[in-house]
Amino acid sequence: MEKIILVTGGAGFIGSHLVRRFVNRYPDYSIVNLDKLTYAGNLLNLKDIEQKKNYSFIKGDITDSAFIDELFGRYCFDAVIHLAAESHVDRSIDGPMPFINTNITGTVNLLNAARSRWTGIQEDKLFLHISTDEVYGSLGDRGLFTEETAYDPRSPYSASKASSDHMVMAWHHTYKLPVIISNCSNNYGPNQFPEKLIPLVINNIRANRNIPVYGKGENIRDWIYVEDHAAAIDVIFHKGKTGETYNVGGNNEWRNIDLVKLICTITDKKLGRKPGSSEKLITFVKDRAGHDLRYAIDNSKITGKLGWKPSVSFEKGLEKTVNWYLENDRWMQGVLTGDYKSYYRKQYLDR
Ligand code: NAD
Ligand code: DAU
């Protein structure tokens with residue numbers, strides 16, 4: 001094998017798309033997927049590649065420093081692509097501690113292990129940290145997040161991710177660990193846990209349940225198809241410069257209410273329902289605490305310097321996404337467990 005790569009969080013939404021891409025495109029790379037399998041991790045996401053020779057799965061927790069150290073002793077990793085995280089803003093508002101533990105302490109455990117195993121042999125090594133545009137805070141009506149935008153996180157989730165980014169850069173500047181950070185905007189596509197807006201809306205339409213829109217639905221997000229994000233990570237991994245940060249975004253801003261209406265239209269058509277029938281399910285609910293108004297990425301650094309650009313139009317991507325959720329009922333029913341039902345009740349019904 002040319003390289004042994006540790007991917008953390010590979011059973012999650014973005015991680016599973018990234019693992020599939022690397023396993024299929026790079027038969028000479030051995031991909032070791034480390035995942036705790038929290039509520040968000042799902043091995044069904046990787047069913048199609050689990051038998052591949054260059055893929056292996058290890059169940060484990062990045063907050064367990066002894067385990068991480070032992071793992072880095074067992075394998076001579078050439079690179080780490082770190083995605084494992086607690087990722088949902090609403091859950092972080094309800095209970096910040098898992099975010100502090102996994103996103104900050106877990107990241108530092110990985111940095112420490114990489115540092116101690118790579119001492120003196122750092123040249124061809126890479127620690128690629130997958131982060132979010134939420135570290136930059138909230139934009140007004142105008143402007144874009146660039147790599148120079150000052151960090152200004154507002155939620156426990158984004159503060160924990162910002163903190164992890166600072167740790168990654170601290171390990172680079174202090175210990176010369178070869179690192180890169182990518183900060184991406186909102187992903188959508190197959191295999192996303194239905195706590196996030198797009199799969200939640202599709203699932204509620206399918207079940208004829210109210211569609212909860214926070215506040216007035218005026219908040220804006222910049223959406224990117226998950227496979228475009230995986231392609232960006234691939235390009236950064238192979239062509240990115242150590243010590244740098246790359247913003248990744250879809251140049252695709254949508255007001256939540258407009259997006260929800262578009263999903264209603266596409267889903268009604270697919271389900272053969274009367275046009276306009278699902279829009280009646282839209283319900284404006286209490287706003288998210290500290291709800292960031294707008295995110296939007298300036299992706300000119302990655303497009304100009306590394307030659308990546310988003311390739312999936314929103315029209316195509318959203319249609320593929322709606323189709324996938326409606327056609328993969330086994331996947332959906334598998335994640336709509338008792339845990340999900342109690343989360344849903346607490347988040348939407350008992351307020
Ligand atoms: P996700 O919640 O779908 O998946 C997270 C994965 O991490 C799960 O498989 C989970 O089991 C695993 N995990 C959680 N805690 C762990 C622990 N302690 N040890 C080992 N594994 C653990 O998240 P996602 O949406 O796929 O996001 C992946 C990464 O990308 C995160 O770091 C997130 O901050 C970042 N990101 C996400 C988006 C987005 O729109 N979803 C955008 C930009 C960046
Ligand atoms: O920007 C990148 C980030 O995007 C990632 O770092 C996060 O991991 C990811 O979860 C996502 O964060 P958001 O908070 O933007 O995503 P979410 O899908 O939770 O919400 C999108 C928008 O929709 C946001 O403005 C809140 C709103 N919303 C969300 C839910 C779940 C609703 O109006 N109703 C809802 O029920």
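Both counts, for ligands and for their atoms, begin at 1 and track the order of listing. Keep in mind it's a predicted model, so treat the numbers as computed, not measured.
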List every atom of ligand 2 that sits less than 4.0 Å from any heavy atom of [X], numbering the atoms from 1 in the order shown and giving each element.
X	value
His88	19 (O)
Val213	33 (O)
Asn219	25 (O)
Asp133	1 (O), 2 (C)
Glu195	31 (C)
Thr132	1 (O), 2 (C), 3 (C), 5 (C), 6 (O)
Tyr157	5 (C), 6 (O), 7 (C), 8 (O)
Ser185	1 (O), 2 (C)

My understanding is that we take every heavy atom of each candidate and find the minimum distance to [atom]. Doing that for [options], which one comes out nearest?
atom	options	answer
atom 40 (O) of ligand 1	Thr105, Asn187, Asn45, Thr8	Asn187
atom 33 (C) of ligand 1	Tyr157, Phe67, Phe99	Tyr157
atom 16 (O) of ligand 2	Asn186, Ile224, Ile14	Asn186
atom 30 (C) of ligand 2	Tyr214, Tyr344, Phe13	Tyr214
atom 20 (C) of ligand 1	Lys36, Arg91, His17	Lys36
atom 13 (P) of ligand 2	Lys196, Arg294, Glu134	Glu134

Give a yes/no verdict on whether any heavy atom in [X] is under 4.0 Å from an atom of ligand 1.
X	value
Gly60	yes
Ala11	yes
Gly10	no

Quick check against the 3.5 Å criterion: does Arg20 have a side-chain atom that pairs as donor or acceptor with the backbone of Asn45? yes

Pairs of nitrogen or oxygen atoms closer than 3.5 Å, one from [X] and one from ligand 1: do any exist?
X	result
Cys184	no
Ser87	yes
His229	no
Leu34	no
Gln192	no
Ser131	no

Is [X] touching ligand 1 with its side chain, its backbone, both, or neither, if touching means heavy atoms under 4.0 Å apart?
X	result
Asn186	backbone
His82	neither
Leu37	backbone

Give me the ring orientation class for Tyr348 and Tyr344: parallel if the planes are under 30° apart, tilted from 30 to 60°, perpendicular past 60°. tilted

Contact list for residues 133-153, test ring pair (Phe, Tyr, Trp, His ring centres under 6.0 Å), sequence neighbours left out: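 Qualifying pairs, neighbours excluded: Tyr136-Phe145, Tyr136-Tyr151, Tyr151-His166.
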
Where do Ile297 and Ser185 come nearest, in terms of heavy atoms and distance? CG1-CB, 3.9 Å

Any idea which heavy atoms bring Pro178 and His172 closest together, and the distance? CA-ND1, 4.4 Å

Do we see a donor-acceptor contact under 3.5 Å between the side chains of Trp171 and Asn112? yes

Under 6.0 Å from the six-membered ring centre of Tyr214 and within 45° of its axis: does the NZ or CZ of Arg288 meet both?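 No, Arg288 does not sit over the ring of Tyr214.
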
Using a 4.0 Å heavy-atom cut-off, which part of Asn256 comes near ligand 2: side chain, backbone, both, or neither? side chain

